[in-house]
Amino acid sequence: MKLNIATLAVVVVAAVLFGLHAHQVAWTPLRIAGAAIALPAFVLFVLARFQLGRSFSVEAKATNLVSTGLYSRIRNPIYVFGALMIAGVILWAQKPWFLLIFCVLIPLQVVRSRKEGKVLAEKFGAAYEEYKSKTWF
């Protein structure tokens, strides 16, 4: 439960910071597009985190094979929606140099997802391979 409380705290802080800053800027089409990408991605990111529950860990380890909810379609929804959220924030902030975040983030996510996949394959074997064949990234 501690990790879900930490996630909830991050959600509240992010919402407050966005709320404090959002009304102070001009809502250009680029900002609207960024918000239209970032906000739903943020909600789905948080949902994925809650669906992962106690299986969440900083280091790659296999406690459960979560294959329901968002995880029934996407093996790594936290990575996918996190990247979309950051892309939306980059558009909303109108700071192209923030794209440097992607230059670091995306390769790290690919490496981490492969490491997690190996750990899950070792623990769950054929069940993980079947799950993997039915899901994306």
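This structure is a prediction, so every number in the text was calculated from the model and none was measured.
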Asker: Which residues, ordered by chain and number, are linked to Val104 in its hydrophobic cluster, where ILVMFWY side chains connect at heavy-atom gaps below 4.5 Å, directly or through other members?
Answerer: Leu108

Asker: Decide whether Arg112 and Tyr79 meet the rule of one side-chain donor and one side-chain acceptor closer than 3.5 Å.
Answerer: yes

Asker: For the CZ atom of Arg49 and the CZ atom of Phe45, what is their distance to the nearest 0.5 Å?
Answerer: 9.0 Å

Asker: If you round to the nearest 0.5 Å, how far is CG of Leu52 from CD1 of Ile78?
Answerer: 5.0 Å

Asker: Kindly give the heavy-atom pair with the smallest separation between Pro40 and Ala35, and that separation in Å.
Answerer: CD-O, 3.8 Å

Asker: Who passes side chain to side chain donor-acceptor pair (under 3.5 Å) against Tyr128, sequence neighbours left out?
Answerer: none

Asker: Test of understanding: clusters of I, L, V, M, F, W, Y form through side-chain heavy atoms closer than 4.5 Å, transitively. Do Ile86 and Ile106 belong to the same one?
Answerer: yes

Asker: Would you say Trp136 and Val66 are hydrophobically clustered, going by side-chain heavy atoms of ILVMFWY under 4.5 Å?
Answerer: yes

Asker: Do Met85 and Ile74 belong together in a cluster built from hydrophobic side chains that touch within less than 4.5 Å?
Answerer: yes

Asker: Going through the distances and angles, do Leu91 and Ile37 end up as a side-chain contact (heavy atoms from CB on, under 4.5 Å)?
Answerer: CA-CA 9 Å; Leu91 287 174; Ile37 294 168; 3.8 Å; yes

Asker: Let me check something: do Leu105 and Val89 share a hydrophobic cluster, defined by ILVMFWY side-chain heavy atoms less than 4.5 Å apart, either directly or through other members?
Answerer: no

Asker: Applying salt bridge (charged side-chain N to carboxylate O under 4.0 Å, His left out), name anything that partners Glu130, two or more places apart in sequence or on another chain.
Answerer: Lys134

Asker: Using every non-hydrogen atom in the two residues, find where Ala41 and Leu84 come nearest and quote the distance to one decimal.
Answerer: CB-CB, 3.8 Å

Asker: When rounded to the nearest 0.5 angstrom, what distance separates OH in Tyr131 from CZ in Phe124?
Answerer: 11.0 Å

Asker: Taking side chain to side chain contact (heavy atoms under 4.5 Å, CB included) as the definition, give me every residue that meets it alongside Leu47, ordered by chain and number, with sequence neighbours left out.
Answerer: Leu44, Gln51, Leu70

Asker: Identify all side-chain donor-acceptor contacts of residues 25-32 below 3.5 Å with residues at least two apart in sequence or on another chain.
Answerer:
unit_1: Trp27; atom_1: NE1; unit_2: Ala22; atom_2: O; d: 3.0
unit_1: Thr28; atom_1: OG1; unit_2: Arg31; atom_2: N; d: 3.2
unit_1: Thr28; atom_1: OG1; unit_2: Gln94; atom_2: NE2; d: 2.7
unit_1: Arg31; atom_1: NE; unit_2: Trp92; atom_2: O; d: 2.7
unit_1: Arg31; atom_1: NH1; unit_2: Ala26; atom_2: O; d: 3.1

Asker: Answer yes if Phe18 and Ile101 sit in the same cluster of Ile, Leu, Val, Met, Phe, Trp and Tyr residues linked by side chain heavy atoms under 4.5 Å apart, and no otherwise.
Answerer: no

Asker: Might you point out which heavy atoms bring Ala83 and Phe102 nearest each other, and give the distance in Å?
Answerer: O-CZ, 3.3 Å

Asker: Please name all residues satisfying side chain to side chain donor-acceptor pair (under 3.5 Å) with Ser72, sequence neighbours left out, ordered by chain then number.
Answerer: none

Asker: Please answer whether the main-chain N or O of Phe137 pairs with a side-chain N or O of Asn76 as donor and acceptor at a distance below 3.5 Å.
Answerer: yes

Asker: About how many Å separate CG of Leu65 and NZ of Lys132, when rounded to the nearest 0.5 Å?
Answerer: 12.5 Å

Asker: Can you tell me how far apart OG (Ser113) and NZ (Lys118) are? Round to the nearest 0.5 Å.
Answerer: 10.5 Å

